[in-house]
Amino acid sequence: MEQDKWKEELERIAPELISELKVKKEPDKGLPELDINGKLVMRFAPNPNGPATLGSARGIIVNSEYTKKYNGKFIIRFDDTDPVTKRPMLEAYYWYIEDCEWLGAKPDEVVIASDRMEKYYEVARQLIEKEAAYVCFCGQGTFKELKDAKKSCPHREQGVGKNLMFWDKMLAGGYNEQEAVLRIKTDIVHKDPAMRDWGAFRIIKTPHPRKEVGDKYCVWPLLDFEGAVEDHLLGVTHIIRGKDLMDSESRQKYIYRYLGWTYPKTLHWGRVKVHEFGKFSTSGLKKAIADGTYSGWDDPRVPTLRALKRRGILPEAIRKFIIDLGLSETDISLSLDSLYAENRKIIDPIANRYFFVWKPVVMSIEGKEHTVARAPIHPVGGGVREIPVQNTVLVCRDDAEKLNAGDKLRLKDLYNIEITGTSPLTAKFIGTGMELVKKDKAGIIHWAPPDGVKVRVLSPGGEYEGVGEAGIVNEKDSVVQFERFGFVRIDSVDDVVVAYFTHR
RNA sequence: GCUCCGAUAGUGUAGCAGGCCAAUCAUUCUGGCCUUUCAAGCCAGUGACCCGGGUUCAAAUCCCGGUCGGAGCACCA
């Protein structure tokens, strides 16, 4: 074949290159290298209108991971410049920081946009003076029509003097909402309609939820403006964010050009969908919590970091999971299986084992009075847990339904029995040896003493109620495994033990 | 409508300045071993370069067209 001829040819003319062909290319692991000169400064910029979700985790982890790797600076900046549509939630400022720390991404600096309004006003004034911004009085619809027709609005060329006057009047509260807006002058005939003279400030008379701010301002910057100015003021060198903000970059660059600033290097990732959570938005969750669909921001069915934490998902597992996603611009639709697998790897070696019987059915046993079961706390760890047993035990209904009179099986870590009746469920003791299991391949089921503790397990798929062995009450806040059920985090141990399901 | 991205197994990902690729790793699934849990561990297996052209001795990799998916054109972030 032709394909092989080049090799012979190369052999003849440059045999020293042949060895080079055999060199394997090194596969790139983890995050790609960044192109850096000077100190790396990165930021994660959420709107605190709700707690951090799994989506936020990507922004937190990737940005902080890079700043750790290159010894840079990691800033968290709250883009809280919309007191109405995406109204900030006061607790969320604190929650975000707490979640960052939990994830091992303690910010080096925390910035709140609503504290820095004067700086934005100052830049706006500079732009007006450079004839790069103007106060526009067109209604929303009117402007859109003009823009779509590539026509400039009458206010575009009204002159610096008038613009300054109008701007001052805006700041002083001299206009109503919707009446005036400050626009950045770009290129009204730009082929991409998204670039044409975009809005930078609008009037909002609703007070900001932060007490420090309140009704101090009635002119608020839009994200493209606030973000552009902040990234420059904070000295951000690299921005990594969702690709939905790609167009923002082109818009923001007009400001950078007008003011002679250097735009940070950017990298983007695609849209993320998580099978297990379906479509969700912070505002949607907020509503579902308010109407009682979910019990709160840490309901096990909700995709917040607080919920994952409560379920016993460890931050290291989340970090690994996120970093393995890489930085592709492809839209992804992922399942949490990998996250659970990572978490299981960490938890399985250390989680204590317990019996929990869901949908319990009573089984009475003849031929053996009082005994104490000695079960290993962990299959490879040291200790044992002792469970006193009289002549009845509880077993799962799912197991009970498969049993017939005459069946022989083993109660795990206890003894062997033979079923003597199914309604009610009765059995007789037939020995303690392991031969029944090893030779006769009898099944093994787990069980619980009737005087054990009541247990409720809250899982994303619903609730389980049943009885567990008494030792569970000593495991508050730890992640344990309920044998043949899955891992759970023991959340509270009052009259009933409440456990949050982690994963299988 | 206009504009901008992207496309490798079920899922995520590596490779993408052309030959090391009958394509990496992880997870899922299947089978086996091990095990007093249907967990974990160990071994094995199934499974992918969106389609069509072009350039080239050689294309997952470069070019063009199409399809599909996503995003922007907000007085949201």
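Bear in mind the structure is a predicted one, so any value in this text is a computation, not a measurement. Letters go in sequence order (proteins before strands), and every chain restarts at 1. When reading the values below, keep in mind they use all heavy atoms of this one structure, side chains included, and skip hydrogens, waters and symmetry mates.
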Participant: Which nucleotide sits closest to the side chain of A:Asp82: B:rC76, B:rC2, B:rU36?
Facilitator: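 Nearest to the side chain of A:Asp82 among the choices is B:rC76.
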Participant: A:Asp192 side chain: which of B:rC5, B:rG72, B:rA77 is closest?
Facilitator: B:rG72
Participant: Using the P atom as the reference point in each nucleotide, state the distance between B:rU67 and B:rA26 in Å, no decimals.
Facilitator: 38 Å
Participant: B:rA77 C1' sits how many Å from A:Asp79 CG, rounded?
Facilitator: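 It is 7 Å, rounded to the nearest whole Å.
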Participant: Out of B:rU36, B:rG12, B:rU28, which has the shortest distance to the side chain of A:Ser333?
Facilitator: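 Taking heavy atoms from C-beta onward, the closest nucleotide is B:rG12.
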Participant: Which whole number of Å gives the distance between the C1' atom of B:rU27 and that of B:rA40?
Facilitator: 16 Å
Participant: Can you tell which of B:rU37, B:rG69, B:rU27 lies closest to the side chain of A:Glu483?
Facilitator: B:rU37
Participant: Honestly, is A:Arg385 close enough over A:Tyr354, meaning NZ or CZ under 6.0 Å from the six-membered ring centre and within 45° of the axis?
Facilitator: yes
Participant: Tell me which nucleotide, if any, is Watson-Crick or G-U wobble paired with B:rG65 when both distances must be under 3.5 Å.
Facilitator: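 Partner of B:rG65: B:rC51.
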Participant: Give the intermediate values and the outcome of salt bridge (Lys or Arg N to Asp or Glu O under 4.0 Å) for residues A:Lys441 and A:Glu435.
Facilitator: CA-CA 8 Å; A:Lys441 304 284 178 203; A:Glu435 312 79 52; over 6 Å; no
Participant: Would you say the side chains of A:Asn343 and A:His503 form a donor-acceptor pair under 3.5 Å?
Facilitator: yes
Participant: Counting just side-chain N and O atoms, does A:Arg196 come under 4.0 Å of either OP1 or OP2 of B:rG72?
Facilitator: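 No, because none of the side-chain N or O atoms of A:Arg196 sits under 4.0 Å from OP1 or OP2 of B:rG72.
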Participant: Going by purine N1 to pyrimidine N3 plus the second Watson-Crick contact, or the G-U wobble pair, all under 3.5 Å, which nucleotide sits opposite B:rA9?
Facilitator: none
Participant: Applying a 4.0 Å non-hydrogen cut-off, can you work out what A:Pro46 is touching in the nucleic acid: base, sugar-phosphate, or nothing?
Facilitator: nothing
Participant: So what does A:Asp398 hit on the nucleic acid, given a heavy-atom distance under 4.0 Å: a base, only sugar-phosphate, or nothing?
Facilitator: nothing
Participant: OP1 or OP2 of B:rA71 sitting under 4.0 Å from any side-chain N/O of A:Arg271?
Facilitator: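 Affirmative; the distance criterion is met.
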Participant: Paired with B:rG19 by Watson-Crick or G-U wobble geometry, both distances under 3.5 Å: which nucleotide is it?
Facilitator: B:rC57
Participant: When rounded to the nearest Å, what value does the distance between C1' atoms of B:rC25 and B:rG47 take?
Facilitator: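 Result for the C1' pair: 15 Å, nearest Å.
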Participant: With side chain to side chain donor-acceptor pair (under 3.5 Å) as the test, would you mind laying out the steps for A:Asn163 and A:Gln158 before giving the verdict?
Facilitator: CA-CA 7 Å; A:Asn163 278 321; A:Gln158 62 202 352; 2.5 Å; yes
Participant: Using a 4.0 Å heavy-atom cut-off across all strands, classify A:Lys191 as base, sugar-phosphate, or nothing.
Facilitator: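 Result for A:Lys191 = sugar-phosphate.
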Participant: Send over the distance from A:Met195 CE to B:rG72 C1', rounded to a whole Å.
Facilitator: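 To the nearest whole Å, that distance equals 7 Å.
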Participant: Regarding A:Thr81 and A:Glu226, is there a side-chain donor-to-acceptor distance under 3.5 Å anywhere?
Facilitator: no
Participant: Do A:Glu475 and A:Ser478 get their side chains close enough for a donor-acceptor pair, meaning under 3.5 Å?
Facilitator: yes
Participant: Please report, rounded to the nearest Å, how far the C1' atom of B:rU36 is from the NE2 atom of A:His378.
Facilitator: 15 Å
Participant: Which is it for A:Ser250 and A:Asp247 under the side chain to side chain donor-acceptor pair (under 3.5 Å) test, yes or no, and what are the steps along the way?
Facilitator: CA-CA 5 Å; A:Ser250 316; A:Asp247 289 328; 4.8 Å; no
Participant: Could you state the CZ-P distance from A:Arg77 to B:rA77, rounded to the nearest angstrom?
Facilitator: 12 Å
Participant: Rounding to the closest angstrom, what is the interatomic distance between B:rA7 and B:rG15 at atom P?
Facilitator: 12 Å
Participant: Look at the side chain of A:Glu386 and the backbone N and O of A:Arg374, then say whether any donor-acceptor pair between them is shorter than 3.5 Å.
Facilitator: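 No, A:Glu386 side chain to A:Arg374 backbone: no donor-acceptor pair under 3.5 Å.
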Participant: So, the side chain of A:Arg410 versus the backbone of A:Thr432: is there a donor-acceptor pair under 3.5 Å, distance only?
Facilitator: yes
Participant: Treating A:Ser248 as the side-chain partner and A:Asp224 as the backbone partner, does any N or O pair qualify as donor plus acceptor under 3.5 Å?
Facilitator: no
Participant: Which nucleotide in the list B:rA39, B:rU3, B:rC5 gets nearest to the side chain of A:Met246?
Facilitator: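 Nearest listed nucleotide: B:rC5.
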Participant: Between B:rU27 and A:Glu342, counting only base atoms on the nucleotide and side-chain atoms on the residue, is there a donor-acceptor pair under 3.5 Å?
Facilitator: no
Participant: Measure from OH on A:Tyr340 to P on B:rG12 and round the result to the nearest Å.
Facilitator: 17 Å
Participant: What interatomic distance, in whole Å, is found between P of B:rA74 and the corresponding atom of B:rG12?
Facilitator: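 Going atom to atom, P in each nucleotide, I get 32 Å.
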Participant: Is any side-chain N or O of A:Ser250 closer than 4.0 Å to OP1 or OP2 of B:rC4?
Facilitator: no
Participant: If you look at every strand shown and take non-hydrogen atoms under 4.0 Å, does A:Cys138 touch a base, only sugar-phosphate, or nothing?
Facilitator: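 Result for A:Cys138 = base.
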Participant: From NZ of A:Lys273 over to P of B:rG10, roughly how many Å is that when rounded to an integer?
Facilitator: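 Roughly 17 Å, once rounded to whole Å.
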Participant: Check the pair A:Lys253, A:Glu249 against salt bridge (Lys or Arg N to Asp or Glu O under 4.0 Å), reporting the backbone distance first and the verdict last.
Facilitator: CA-CA 6 Å; A:Lys253 277 183 174 164; A:Glu249 175 169 345; 3.2 Å; yes
Participant: Is A:Arg58 positioned over the aromatic face of A:Phe321, cation under 6.0 angstrom from the ring centre and no more than 45 degrees off axis?
Facilitator: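 The answer is no, since A:Arg58 fails at least one limit relative to A:Phe321.
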Participant: Under 4.0 Å: is that the gap between some side-chain N or O of A:Gln481 and OP1 or OP2 of B:rA39?
Facilitator: no
Participant: Reading RNA chain B from 5' onward, which residue's closest nucleotide shows up sooner: A:Asn47 or A:Lys438?
Facilitator: A:Lys438
Participant: So what's B:rG1 paired with, Watson-Crick or G-U wobble, going by both distances under 3.5 Å?
Facilitator: B:rC73
Participant: Pick the nucleotide of RNA chain B nearest each of A:Arg58 and A:Arg251; which residue has the one closer to the 5' end?
Facilitator: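 The answer here is A:Arg58.
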Participant: Give A:Ile445 one of three labels, base, sugar-phosphate or nothing, depending on what nucleic acid heavy atoms sit under 4.0 Å from its own.
Facilitator: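 Counting heavy atoms under 4.0 Å across all strands, no contact is made by A:Ile445.
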Participant: Under 4.0 Å from OP1 or OP2 of B:rA74: is there any side-chain N or O of A:Lys147 that close?
Facilitator: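 Yes, A:Lys147 has a side-chain N/O under 4.0 Å of OP1/OP2 on B:rA74.
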Participant: Could you tell me how far B:rC57 sits from B:rG65 if I compare only their P atoms? Round to whole Å.
Facilitator: 24 Å
Participant: Mind running a 4.0 Å heavy-atom check of residues 344-353 of chain A against RNA chain B and sending the residues that fall below it, in number order?
Facilitator: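 Those residues are A:Arg344, A:Lys345, A:Asp348, A:Arg353.
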Participant: Report which part of the nucleic acid A:Asp413 touches: base, sugar-phosphate, or nothing (heavy-atom distance under 4.0 Å, all strands).
Facilitator: base
Participant: Of the candidate nucleotides B:rC76, B:rU36, B:rA77, which contains the atom at the shortest distance from the side chain of A:Leu223?
Facilitator: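 Minimum distance to the A:Leu223 side chain belongs to B:rA77.
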Participant: With rounding to whole Å, what would you report as the distance between B:rC43 and B:rU28 at their P atoms?
Facilitator: 15 Å
Participant: Tell me which residues in residues 319-329 of chain A lie within less than 4.0 Å of RNA chain B, going by non-hydrogen atoms.
Facilitator: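 Close to the strand are A:Asp324, A:Leu325, A:Ser328, A:Glu329.
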Participant: Once you round it to whole Å, what is the distance between C1' of B:rG12 and NE2 of A:His275?
Facilitator: 9 Å
Participant: Roughly how many Å apart are B:rA22 and B:rA48, using the C1' atom of each and rounding to a whole number?
Facilitator: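 It works out to 13 Å between them.
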Participant: Can you tell me the pairing partner of B:rU24 across any strand shown, Watson-Crick or G-U wobble, with both distances under 3.5 angstrom?
Facilitator: none
Participant: Expressed as a whole number of angstroms, how long is the span from A:Asp331:CG to B:rU13:P?
Facilitator: 10 Å
Participant: Does NZ or CZ of A:Arg210 come closer than 6.0 Å to the centre of the six-membered ring of A:Tyr93, within 45° of the ring's axis?
Facilitator: yes
Participant: Tell me whether A:Arg353 forms a cation-pi arrangement with A:Phe482, defined as NZ or CZ under 6.0 Å from the six-membered ring centre and within 45 degrees of its axis.
Facilitator: no
